[in-house]
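Have a look at the structure below, then the notes.
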Amino acid sequence: MPAAPIKVLVVDDEPLARKRLSVLLRAEPDIELADECENGLEALAAITDLRPELVFLDVQMPDLDGLGVITALGAEETPEIIFVTAHSGYMERPFELHAVDYLRKPYPNHRFTSALTHAR
């Protein structure tokens with residue numbers, strides 16, 4: 001019996017970034033794309049409702065950033081996280097929060113594959 005697919009949520013305030021991640025994830029046979037969110041407030045609701053196992057989470061977003069999402073959820077409720085950002089200044093804090101990996105935009109496909117492999 002095959003393993004259940006990994007339920008993944010994509011959170012990014014940039015529509016093109018969300019679309020790219022979604023396209024890459026849909027190409028993976030063991031991934032179920034649960035939903036896409038464009039801000040941290042939507043992410044909190046989706047994580048609570050959908051219970052994804054993995055979240056690709058933009059670090060810098062208006063209203064509530066990715067780090068704020070993690071803080072609001074708390075350690076017990078936080079799924080595995082791969083942070084995504086265009087800003088190199090945010091690299092240290094995500095790992096302090098035990099992120100699985102970190103993608104810096106624009107990232108090549110092999111970095112996406114590497115991060116997803118690490119999460120698996």
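No hydrogens, no waters, no symmetry mates; every other heavy atom, side chains included, goes into these values. Every value quoted in this text rests on a predicted model; they were computed, and no experiment measured them.
- With contacts defined as side-chain heavy-atom distances shorter than 4.5 Å, the pair Leu9/Ile47 qualifies.
- A donor-acceptor contact shorter than 3.5 Å is absent between the side chain of Ser114 and the backbone of His110.
- Residues Val8 and Leu21 form no side-chain contact, since every pair of their non-hydrogen atoms from C-beta on lies 4.5 Å or further apart.
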Check step by step if side-chain contact (heavy atoms from CB on, under 4.5 Å) holds for Phe56 and Ile81. CA-CA 6 Å; Phe56 283 82; Ile81 302 290; over 6 Å; no
Checking Val10 against Val84 for the side-chain contact (heavy atoms from CB on, under 4.5 Å) test, could you report, in this order, the C-alpha distance in whole Å, the side-chain angles of both residues, the deciding distance, and whether it holds? CA-CA 10 Å; Val10 172; Val84 183; over 6 Å; no
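- The two residues Ala119 and Ile82 have their closest heavy-atom pair at CB-CD1, 4.0 Å.
- With Arg120 contributing its side chain and Asp30 its backbone, the two residues share no donor-acceptor pair below 3.5 Å.
- We find the CZ-CZ distance between Arg104 and Arg111 to be 12.0 Å, quoted to the nearest 0.5 Å.
- For Pro15, the side chain to side chain contact (heavy atoms under 4.5 Å, CB included) criterion is met by Arg18, not counting sequence neighbours.
- Closest approach of Pro52 and Ala46 over heavy atoms only: CD-O, 4.1 Å.
- Here the side chains of Met61 and Val11 are in contact, with some heavy-atom distance below 4.5 Å.
- What you find for Leu54 and Pro79 is that their closest heavy atoms are N-CB, 4.3 Å.
- Crowding of Glu28 atom CD: a count of heavy atoms from other residues, nucleotides or ligands under 6.0 Å exceeding 12.
- Every residue two or more places apart in sequence or in another chain that forms a side-chain hydrogen bond (donor to acceptor under 3.5 Å, both in side chains) with Arg51 is listed here: Glu77.
- A donor-acceptor pair under 3.5 Å links the side-chain atoms of Glu53 to the main chain of Lys7, judged by distance alone.
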Pair Leu64-Asn39, side-chain contact (heavy atoms from CB on, under 4.5 Å): steps then yes or no: CA-CA 7 Å; Leu64 182 64; Asn39 62 56; over 6 Å; no
side-chain contact (heavy atoms from CB on, under 4.5 Å) for Leu33 and Leu25? Distances and angles first, verdict last. CA-CA 7 Å; Leu33 183 59; Leu25 289 164; 4.1 Å; yes
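- Of all heavy-atom pairs spanning Gln60 and Thr85, the tightest one is N-OG1, 4.5 Å.
- In this structure a side-chain-to-backbone donor-acceptor pair under 3.5 Å is missing from His118 to Asp101.
- Under 4.0 Å is where a charged nitrogen must lie from a carboxylate oxygen, and between Glu14 and Lys105 at least one such pair does.
- Both tests hold for Arg20 against Tyr107: distance to the six-membered ring centre under 6.0 Å, angle to the ring axis within 45°.
- Here the closest non-hydrogen pair linking Ala99 and Phe83 is CB-CD1, 3.5 Å.
- Atom-to-atom distance recorded for Thr113:OG1 and Leu24:CG is 7.5 Å, nearest 0.5 angstrom.
- Taken to the nearest 0.5 Å, the CG atom of Leu57 stands 9.5 Å off from the SG atom of Cys37.
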